Each structure stands twice: as structure tokens, then as C-alpha cells.
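These notes are about the structure you will find just below.
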Amino acid sequence: METELKSMNPDPPKPEQPYTSSRDEGSYSKDDRPLLKSEPNRVNSATTEKNIEELEKKFAAFVRSDVYGPMGRGELPLVEKVLSAIAVVTLFPIRFVLALVILVVYYVICRVCTLFSAPNRDEEEEQEDFAHMGGWRRAVIVWCGRFLSRLLLFVLGFYWICESYRDIELPNQIKSSSQNEGKDQSEDLERSGAIISNHVSYLDILYHMSASFPSFVAKRSVAKLPLVGLISKCLGCVYVQRESNSSDFKGVSGVVTKRVKEAHENRSAPMMMLFPEGTTTNGEFLLPFKTGAFLATAPVHPVILRYPYQRFSLAWDSISGARHVFYLFCQFINHMEAIWLPVYYPSQEEKDDPKLYASNVRRLMTCESHLIMSDIGLAEKRIYHAALNGLF
């Protein structure tokens, strides 16, 4: 990382002259006093702008282009300051309280439905969930989860969500489609092994919970969070430790592959929802796909999410979580678009080569959404964040 940072700033600015307060100016003679005291600041400002431009070219997939600027710390225009001030005393407290109430209500529902029920455990992989629970308990968890997720989105300003279903013919799907004539979108969704989506924000999870209530891959620490931990187990999340060794990753990959195959073969099994990019972007790019979602060789259902905006971008790219939540709560109206593509059935060649399978699905999503393909990933995102933290 240190090498990357040095390469982005080949000509570091000269050290600033030590600052001298007005009380020390008497120690200078008239001829010794600096003529342009603000010059170092001008140099630093110009250098910072140059560095930011270089960073934005190199890490374009994570660059914010809204009025709040890099990391949400930009200088706001007067109108934006007034709107934010009004929202802080009106929208923010109302939305915060309502969101908390919805979260607590759903936690109580999950707690009641899981009473006296043993979770499904995988001791070897340290996985635990209630997603395989059947009967009325599972039905209540799923129905309430979908309803309350949509209600929470409504509270956050997503008063309507534009959903569209693309009816396009895919070379590998023609035969499979002819066998499924007359079946609706929900049946196709159940027959796929996983839902594949681009990743823009944590809001993606709320949308997919409201649309199909699938299982996700989450950090292992999520399982221990208050309220959210139990909800994630009811979703059937697969927990992973990002900084773990390769053997742990192989174990999690095996669990994901098993769950994808199970969802494809058994309609009562929880659907897997995967973000193959592995991290969030600014919503204008599509990063390289990891192959974990495609190792099962089962059909996948691609979905593209977009968040049109005028003031604050809902992309969780280079902005901190707390700052993002604050601005989200203060924005009067938020917009979301969801594009559902047909179920993608892999060819035999794609089944034999998961990388080819992942690449072709990514190319399809790019063509249908006009997103830009990028070849950077999580490692570059961390470098970009570190560089911005050094500049601001």
C-alpha cells in the first residue's frame, strides 16, 4: 500500500514554513518578514487537488460525484446546508425512531418464532441458521421479513421502486425456456440456484429481503450483533471471516456451493443471494466477479440495482457508514431501480469453467445496464480509502 501511495504522489510538496503567530512577528525585522504568508496553503491546496484528480482516474469505480464530495466531506452550497438543517430537526428523528421500531418488532417476531427451535448447525464450518426451519414459523418469518423490509425502505424515502423484467433471449436459455413456457417469474426464480446482483450499498440487502427474502454471505461478526444477529440467522446467512486463511475461505466456498445446489434442486430451500463483486462501488461500474457463486454450475438470476440521485448518492463507496446513514435519513426522497434479467442457464462449457461462466454473466449484466467494466477490486478500494484519509 505504501508503494501505491508514493506512486500516486511522485512530487511531494516542499515542507511548509513553520507557522508563526502574530505575537511572534516582533521578532522579525521588517525585511525578514515573509511577503506572501498564504503561499504554502495555496501550494498545498493545488497539490491536494492534483492528487485527488489522479486518484479519481485510477480508482474511478469508487469515486463519489454528488454535491457532498469525496468521503462526503466536501464544502456544501448554501441551499444544501439549509435543506440539511431542516431535515435534521424534522426527518432525521422521525425516520430514526420508526426504523428502530421496525427493527425491534421484527427481532421480536424472529425471537418468538425461534423459541424452542434448535438452529441448523455446521460445527465444522462454524455456521448456524434458522433458514431451514419449516411450517408456520418459517412462513411468518419470511412474510413479515418481506413486508417490514419494504416498510423500512418506505420510511427511508423509497416511496416507490421502479422494477422491470427484461425479456431477452440468451443462447444458453433458449432450450430451457421452451421447457418452461407458461410459468411465471417467481417459478423461474425458485428454479435458479442463486440471485446475482451488483453491489452498491447496504440498501441492496433491504431490497432483496423485500423481493425474495434470500440468504446472504455476511461477516462472521454480524452474527453477534444485537437484534441484527438473530435476524441474519433467520435469513440463513453464511458467515465468513474476510481476513481468514485460505482454508477457511475454501470451507465457506463449499458451504455456498452446497446451498446454491440445494436451492436449485429443492424449492423449499432458502435462495442464496450473492454479490460476486465482493465489495460496493459507486453504482456506475461493475467489478470482476468472483467464482464462488458459479462453482455449483446451477442457473443464476441476474439483477441490476441503480440509485438515481440529484443531491446525495446512496452508493456506499468511499463514505463512512455513520455519515452515509445520516445523509440517507436527511434526504427527503430516495430513488431505486431494479432490473431483473432472465434466469441464466450455463452451457456445458461454462459448467466446466466457472471463470468463463462468471465472466459471461458479468458481460450480460454490463450490456443490459450500461455499466462500465472495471478491473479493480477490494484491494484497490482499500488503497483509495487510505489515500483519501491522508488528504482529508
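Just so you know, these numbers come straight off a predicted model, no measurement behind them.
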Fill in: Check: His385 side chain, Asp317 main-chain N or O, donor-acceptor pair, under 3.5 Å
yes
Worksheet, complete the sentence: Exactly one candidate in Asp204, Thr281, Thr280 meets side chain to side chain donor-acceptor pair (under 3.5 Å) with His199; the answer is Asp204
Worksheet item: Should we count CZ of Phe332 as having more than 12 external heavy atoms under 6.0 Å?
Response: yes
Item to complete: Give the ring-plane orientation class for Phe92 versus Phe326, where under 30° counts as parallel, over 60° as perpendicular and anything between as tilted.
Response: tilted
Worksheet item: Other than Ile372, what residues sit in its cluster of Ile, Leu, Val, Met, Phe, Trp and Tyr side chains whose heavy atoms are under 4.5 Å apart, directly or through others?
Response: Phe285
Worksheet item: Taking atom types as modelled and ignoring hydrogens, do the side chains of Tyr309 and Ser65 form a donor-acceptor contact shorter than 3.5 angstrom?
Response: yes
Practice prompt. Show your reasoning for whether side chain to side chain contact (heavy atoms under 4.5 Å, CB included) applies to Leu55 and Tyr384.
Written response: CA-CA 7 Å; Leu55 288 172; Tyr384 179 57; 3.9 Å; yes
Worksheet item: Taking atom CD of Gln310 as the centre, does the number of heavy atoms from other residues, nucleotides or ligands within less than 6.0 Å exceed 12?
Response: no
Worksheet item: Should Val101 and Val325 be regarded as members of a common hydrophobic cluster, given that ILVMFWY residues are connected when their side-chain heavy atoms come within less than 4.5 Å of each other, either directly or indirectly?
Response: yes
Worksheet, complete the sentence: Residue pairs meeting ring pair (Phe, Tyr, Trp, His ring centres under 6.0 Å), one or both in residues 219-238, sequence neighbours left out, come to none
Worksheet item: Judged by atom type as modelled, is there a donor-acceptor pair below 3.5 Å linking the side chain of Arg64 to the main-chain atoms of Ala315?
Response: yes
Fill in: Pairwise distance CG(Asn334) to OG(Ser201) - rounded to 0.5 angstrom
10.0 Å
Worksheet entry | Pair Lys81 + Glu75, salt bridge at N-O below 4.0 Å | yes
Practice prompt. Start with the C-alpha distance between Leu156 and Leu203, add both sets of side-chain angles, then the distance that settles side chain to side chain contact (heavy atoms under 4.5 Å, CB included), and finish with yes or no.
Written response: CA-CA 10 Å; Leu156 297 179; Leu203 296 166; 4.1 Å; yes
Worksheet entry | Whether Ser84 side chain and Glu80 backbone form a donor-acceptor pair below 3.5 Å | yes
Practice prompt. Indicate yes or no: at least one non-hydrogen side-chain atom of Asp353 is less than 4.5 angstrom from one of Tyr357.
Written response: no
Discussion item. Do Leu151 and Leu91 land in one hydrophobic cluster if side-chain heavy atoms of ILVMFWY residues count as linked below 4.5 Å?
Written reply: no
Worksheet item: Within a strict 4.5 Å, meaning less than it, do heavy atoms of the Phe289 and Glu277 side chains meet?
Response: yes
Item to complete: Measure from the side-chain N and O atoms of Thr114 to the backbone N and O of Ser117, and report whether any donor-acceptor pair falls under 3.5 Å.
Response: no
Practice prompt. Measure the shortest side-chain to side-chain distance between Tyr207 and Glu163 over non-hydrogen atoms and say whether it is less than 4.5 angstrom.
Written response: yes
Worksheet item: More than 12 foreign heavy atoms under 6.0 Å from CD of Glu368: is that the case here?
Response: yes
Worksheet item: Given the rule that I, L, V, M, F, W and Y join up when any side-chain heavy atoms are under 4.5 Å apart, are Phe154 and Leu100 in one cluster?
Response: no
Item to complete: List the steps, then state whether side chain to side chain contact (heavy atoms under 4.5 Å, CB included) holds for Tyr344 with Asn360.
Response: CA-CA 10 Å; Tyr344 189 103; Asn360 288 344; 3.5 Å; yes
Worksheet entry | Hydrophobic cluster membership, Trp136 vs Tyr106, 4.5 Å side-chain cutoff | yes
Practice prompt. Assign the ring pair Tyr327 / Tyr68 to parallel, tilted or perpendicular, where the plane angle (0 to 90°) is split at 30° and 60°.
Written response: tilted
Item to complete: State whether the number of non-hydrogen atoms from other residues, nucleotides or ligands found under 6.0 Å of Lys290 atom NZ is greater than 12.
Response: no
Item to complete: Nearest 0.5 Å please: distance from the CG atom of Leu378 over to the CD1 atom of Ile383.
Response: 10.0 Å
Worksheet entry | Common cluster, Leu152/Leu98, ILVMFWY with side-chain heavy-atom separation under 4.5 Å | yes
Worksheet item: Are the side chain of Arg306 and the backbone N or O of Ala338 linked by a donor-acceptor pair below 3.5 Å?
Response: no
Worksheet item: When you measure from the side chain of Arg166 to the backbone N and O of Leu341, does any donor-acceptor pair fall under 3.5 Å?
Response: no
Worksheet item: Does atom CZ of Phe96 have more than 12 heavy-atom neighbours from other groups under 6.0 Å away?
Response: no
Worksheet item: Do side-chain atoms of Gln331 reach the backbone of Leu328 as a donor and acceptor pair under 3.5 angstrom?
Response: no
Discussion item. Could you go through Tyr202 and His324, starting from their C-alpha distance and side-chain angles, then the distance that decides it, and tell me whether this counts as side chain to side chain contact (heavy atoms under 4.5 Å, CB included)?
Written reply: CA-CA 10 Å; Tyr202 51 82; His324 189 282; 2.7 Å; yes
Worksheet item: With a 4.5 Å heavy-atom cut-off, do Ser374 and Leu287 have their side chains touching?
Response: yes
Worksheet item: Is the backbone N or O of Ile161 less than 3.5 Å from a side-chain atom of His335, with the two atoms forming a donor-acceptor pair by type?
Response: no
Discussion item. Quick check: do Asn282 and Ser313 have side-chain heavy atoms less than 4.5 Å from each other?
Written reply: no
Practice prompt. Keeping the roles fixed (side chain from Arg259, backbone from Gly193), state whether a donor-acceptor pair exists under 3.5 Å.
Written response: no
Response to the item:
Excluding Met373, membership of its hydrophobic cluster (Ile, Leu, Val, Met, Phe, Trp, Tyr; side-chain heavy atoms within less than 4.5 Å) reads none
Response to the item:
Rounding to 0.5 Å, atoms CE (Met271) and OG (Ser192) come to a distance of 4.0 Å
Worksheet entry | Residue pair Val238 / Ser215, side-chain heavy-atom distance below 4.5 Å | no
